[in-house]
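Worksheet: the structure to be examined is printed underneath.
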Amino acid sequence: MKREDVRRVDQIAIEEYGMLGLVLMENAGRGAAERIAALCHESPRGANPVCILCGPGNNGGDGYVIARHLELLGFSVHILSLVPLDRLTGDASANASIAARAGLTIQIAKSDEDLDRWIADDETVVDCLLGTGATGAPRGLYGDAVTQANKRRGLRVAIDLPTGLDCDTGAPAEVTFRADLTVTFVAEKEGFSKPAAKPWLGTVQVVGIGVPQALLNDFKVA
Ligand SMILES: NC(=O)C1=CN([C@@H]2O[C@H](COP(=O)(O)OP(=O)(O)OC[C@H]3O[C@@H](n4cnc5c(N)ncnc54)[C@H](O)[C@@H]3O)[C@@H](O)[C@H]2O)[C@H](O)CC1
Ligand SMILES: [K+]
C-alpha cells in the first residue's frame, strides 16, 4: 500500500466506522509486541532488555503500547523519548501518560551523548522514531538515534517502517535504521518490494490493527 492510502485507512476507520484511534494504536502495539517477543525468543541475538526509541508522533505512540505489552510478556523494557512528553499529542500523549503512570522507565534523550549513554550495546532496539508521517531524511537527533542504534550488536526491530526509508519509493536516506525485523501495520508498504529497501527491512511481518474487512476490501488489502 501507498503511504497516503494506509493513512486514509486509519482516518476512515475513525471517521466513518467510528473506531477510536486509541483502539487502533493498542491493536498495533500489542501485535508488534507479540512479534518482537517471538523474535527475541527464537534468535540467539534476542536480548532482554529492550530499548524503545520513541519519536514525536503516533509511531512513537505505538512504542509506549509496545513497552507496556512487552513488560506483560516478561521483558525488561526502557523507553528513550526524543521529545519531552508534554510535546506529544492525541493517542501518543495518552499512551505515554499511561506508560508513565504504570511506572515504565522513560528517559528523555536531549543529545547524542544521552543516546550513546542510554542505548546499551547488546539490548534489542525498537525503532518507534518516525513512521508514515516522516518527510525526508531523519533530521538532527533522529539521525543521531538511527546512527547509534545501527552501531549496537543487538537485534533491531523497525515499527511500521525503518526510520529513514521512504515507504513509497523504497529509497533509503543517508542514515536509515537497519532492521532485522520490520513489523508493519495493515499491509506491506509499496516501497518494501523495491530492491533498494531490502537491506534496511530485514524480515517483514504485517500486523492487523482491527479495522473491518469491508474497509480492507475497499483498499484491496489481501
Ligand atoms: N492505520 C495505521 O497504519 C496506524 C498507524 N499508526 C502509527 O502512526 C504512525 C503515523 O503517525 P504520525 O503521527 O502521522 O507520524 P509519525 O509518527 O511518523 O511522526 C511524524 C512527525 O515526526 C516529525 N518528522 C517528520 N519527518 C521528520 C524527519 N525527517 N526528521 C525528524 N522529524 C520528522 C514531524 O513532526 C511529524 O509530524 C504510523 O507510522 C504508525 O506507526 C497508529 O498507531 C495505528 C494505526
Ligand atoms: K519507525
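Numbering of ligands and ligand atoms starts at 1, following listing order.
Residue contacts to the K ion (ligand 2): Asp127 brings an N, O or S atom closer than 3.4 Å. The K ion (ligand 2) has no N, O or S atom of Pro162 inside 3.4 Å of it.
Given atom 21 (C) of ligand 1, the protein heavy atom at minimum distance is Pro56 CG, 3.9 Å. Among protein heavy atoms, atom 39 (O) of ligand 1 sits closest to Asp160 OD2, 2.7 Å. When only non-hydrogen protein atoms are considered, atom 4 (C) of ligand 1 lies nearest to Asp10 OD2, 3.6 Å. The protein atom (non-hydrogen) at minimum distance from atom 26 (N) of ligand 1 is Thr135 N, 3.0 Å.
Between the side chains of Arg3 and Thr132, no donor N or O sits under 3.5 Å from an acceptor N or O. Side chains of Gln148 and Asp144: a donor-acceptor N/O pair is absent below 3.5 angstrom, by distance only. Donor-acceptor pairing under 3.5 Å is recorded for the side chains of Thr184 and Lys189. Side-chain atoms of Asp114 and Gln107 include no donor-acceptor pair closer than 3.5 Å.
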Exercise for the section: Given salt bridge (Lys or Arg N to Asp or Glu O under 4.0 Å), test Glu26 with Arg68 step by step and report yes or no. Expected result: CA-CA 10 Å; Glu26 190 74 15; Arg68 177 162 34 90; 2.7 Å; yes
Practice task
Begin from the C-alpha positions of Glu34 and Arg30 and carry the test salt bridge (Lys or Arg N to Asp or Glu O under 4.0 Å) through to its verdict.
Solution key: CA-CA 6 Å; Glu34 288 163 357; Arg30 181 173 183 172; 3.3 Å; yes
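Taking every heavy atom of Ile209 and a limit of under 4.0 angstrom, the matching atoms of ligand 1 come to 1 (N), 2 (C), 45 (C). Set against the non-hydrogen atoms of Ala134, the atoms of ligand 1 under 4.0 Å away are 18 (O), 25 (C), 26 (N). Near Arg7, the atoms of ligand 1 lying under 4.0 angstrom from a non-hydrogen atom of the residue are 10 (C), 14 (O). Taking every non-hydrogen atom of Gly131 and a distance limit under 4.0 Å, the qualifying atoms of ligand 1 come out as 16 (P), 18 (O), 39 (O). In the vicinity of Gly136, heavy-atom distances shorter than 4.0 Å reach the ligand 1 atoms 29 (N). Of all atoms in ligand 1, listed by their number and element, those nearer than 4.0 Å to a heavy atom of Tyr142 are 31 (C).
Vertex the K ion (ligand 2), arms ending at O of Leu161 and O of Ile159: the angle is 70° after rounding to 10 degrees.
Between Gly133 and ligand 1, a contact under 3.5 Å exists for at least one N or O pair.
Residue contact annotation: Gly61 has no non-hydrogen atom under 4.0 Å from ligand 1. Ile159 does not count as a contact of ligand 1, since none of its heavy atoms falls under 4.0 Å from the ligand.
Contacts of Pro138 with ligand 1, taken as heavy-atom pairs under 4.0 Å, involve the backbone alone.
Using a distance-only test at 3.5 Å, with no hydrogens or angles considered, a donor-acceptor pair links the side chain of Asn59 to the main chain of Ile159. Between the Asp127 side chain and the Val157 main chain, no donor and acceptor come within less than 3.5 Å of each other. No side-chain donor-acceptor contact under 3.5 Å links Ser97 to the backbone of Ser93. A donor-acceptor pair under 3.5 Å is absent between the side-chain atoms of Ser76 and the main chain of Pro49, judged by distance alone.
Less than 4.0 angstrom separates atom 18 (O) of ligand 1 from at least one non-hydrogen atom of the protein. Within a 4.0 Å radius of atom 9 (C) of ligand 1, the protein contributes one or more non-hydrogen atoms.
Arg8 has no carboxylate O lying under 4.0 Å from a charged side-chain N of Glu4, or vice versa, which leaves the two without a salt bridge. The existence of a salt bridge linking Asp116 and Arg152 is confirmed by a sub-4.0 Å separation between a basic side-chain nitrogen and an acidic carboxylate oxygen.
Of all the listed residues (Val6, Val65, Asp5, Ile14), Val6 holds the heavy atom that lies closest to atom 3 (O) of ligand 1. Heavy-atom proximity to atom 40 (C) of ligand 1, evaluated over Asn58, Val183, Asp62, is greatest for Asp62. Selection from Ala137, Cys54, Gly21, Ala187 by nearest heavy atom to atom 29 (N) of ligand 1 gives Ala137. Among Asn27, Leu24, Asn59, the residue whose heavy atom sits closest to atom 44 (C) of ligand 1 is Leu24. Heavy-atom proximity to atom 28 (C) of ligand 1, evaluated over Arg139, Lys189, Met19, Arg8, is greatest for Arg139.
Considering Thr89, Leu130, Leu82 as possible partners of Pro56, the one that fulfils the side chain to side chain contact (heavy atoms under 4.5 Å, CB included) test is Leu130.
Between Tyr64 and His69, a ring centre-to-centre spacing not shorter than 6.0 Å is recorded.
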